[in-house]
Amino acid sequence: MPDIAAALATAKQALRSCTDSHDLEAQLLLSAVLDCDRTHLIAHAEDRLASAQLEQLQNLLARRCRGEPLAYILGWREFYGLRLSVNDAVLIPRPETELLVDLALEHLPQQLAAAPRQPPPATVLDLGTGSGAIAISIARHRPDVQVMATDLSTTALQLARMNAASHALENISFHAGSWYDALPETCAKIDMIISNPPYVAAQDVHLLQGDCRHEPSMALTPGDDDLACYRSIITGATDYLLSGGLLLLEHGHDQRQRLLALLQETCWESVQCHDDISGIARVIMAKYNPDHSR
Ligand code: GLN
């Protein structure tokens with residue numbers, strides 16, 4: 001049987017034709033087989049694999065080379081420093097979506113430590129939470145904030161609940177249903193609504209490439225009208241946001257101008273646009289002002 005160093009070299013070679021990150025992916029797959037972290041691979045390079053381990057590695061390499069996303073093979077992805085379970089019922093959290101969490105954390109009202117009377121906690125609503133990545137990252141960094149997360153898919157919600165439990169979060173609740181229909185009838189007004197909705201047009205070739213081929217299409221595309229979800233979210237937000245509350249939306253590279261136009265139709269002000277880490281138009285943020293007239 002090969003030792004760890006040799007198995008790693010074989011894995012890198014096998015992955016060379018199917019991914020640019022062959023070094024890292026080889027380490028992650030071998031670590032999964034050996035149930036160890038990546039440093040163990042270096043410290044124990046001469047340890048030999050058992051034949052069942054070698055067979056399992058070959059099996060995982062074959063799956064990856066057939067195009068299955070690494071995150072689904074491993075069963076997890078890191079997002080905002082947190083390890084989250086993922087499966088093919090949810091979109092794989094993307095690094096560019098961390099911008100949405102950065103902005104949410106930056107703009108959520110701060111709790112006044114020495115307030116004479118404790119105000120009710122600020123509330124955040126994450127629409128279409130999938131694995132729970134956005135909601136869980138916010139809940140984790142702001143234990144004083146109450147987060148609500150919704151999804152149409154009950155399978156996705158099951159996973160999101162599990163992810164919240166694995167990070168021992170108690171300030172987060174999950175609700176099944178379409179956008180605002182998921183919320184309880186007695187829902188109080190909300191400080192911030194955040195979403196990374198499906199926004200890729202059904203005919204976009206991007207859907208036929210890479211990980212997207214294996215991700216749930218309901219998480220990626222709303223159909224022919226790429227703005228369909230934004231229309232529902234923006235319209236409904238005015239019923240649920242507090243005056244001065246914020247709406248934060250992730251969007252595709254060619255949607256900024258059209259979203260600006262949508263927001264201009266209703267009661268929004270202080271609109272901010274943000275580019276992601278690759279310099280691509282990615283997030284739009286607006287403040288709800290019910291008295292705003294145009
Ligand atoms: N950013 C993702 C992609 O381009 C799509 C995410 C989404 O539709 N919300 O693959």
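Below, all heavy atoms of this structure are taken into account, side chains as well, without hydrogens, waters or symmetry copies. Read the numbers this way: they start at 1 and go in the same order the structure lists the ligands and their atoms.
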Problem - Protein contact of atom 1 (N) of ligand 1 - nearest heavy atom, named by residue and atom, plus distance - result: Tyr199 OH, 2.8 Å
Exercise for the section: Report yes or no: do His274 and Gln272 form a side-chain donor-acceptor pair below 3.5 Å? Expected result: yes
Problem - Plane angle bin for Trp268 and Tyr288 - parallel if under 30°, tilted between 30 and 60°, otherwise perpendicular - result: tilted
Problem - N-O pairing of Arg63 and Glu68 below 4.0 Å - result: yes
Problem - Any side-chain donor near an acceptor of the partner, Asp151 and Ser153, under 3.5 Å - result: no
Problem - Atom indices of ligand 1, in the order listed, that fall short of 4.0 Å to a heavy atom of Asn196 - result: 7 (C), 9 (N)
Exercise for the section: Check the side chains of Gln146 and Thr123 for a donor-acceptor pair under 3.5 angstrom, ignoring hydrogens and angles. Expected result: no
Practice task
Please verify whether a non-hydrogen atom of Gly252 lies at under 4.0 Å from ligand 1.
Solution key: no
Exercise for the section: Look only at interatomic distance and state if Arg282 has a nitrogen or oxygen under 3.5 Å from any nitrogen or oxygen of ligand 1. Expected result: no
Practice task
Give yes or no for whether the N/O distance cutoff of 3.5 Å, strictly under, is met between Pro197 and ligand 1.
Solution key: yes
Practice task
Using distance alone, with no hydrogens and no angle criterion, decide if Asn289 and Glu269 have a side-chain donor and acceptor under 3.5 Å apart.
Solution key: yes
Handout entry: For atom 3 (C) of ligand 1, closest protein heavy-atom neighbour
Key = His206 NE2, 3.2 Å
Fill in the blank from the handout: ligand 1 atoms nearer than 4.0 angstrom to some heavy atom of Leu220 are 5 (C), 8 (O)
Exercise for the section: Using distance alone, decide if ligand 1 has a nitrogen or oxygen within less than 3.5 Å of any nitrogen or oxygen in Cys212. Expected result: no
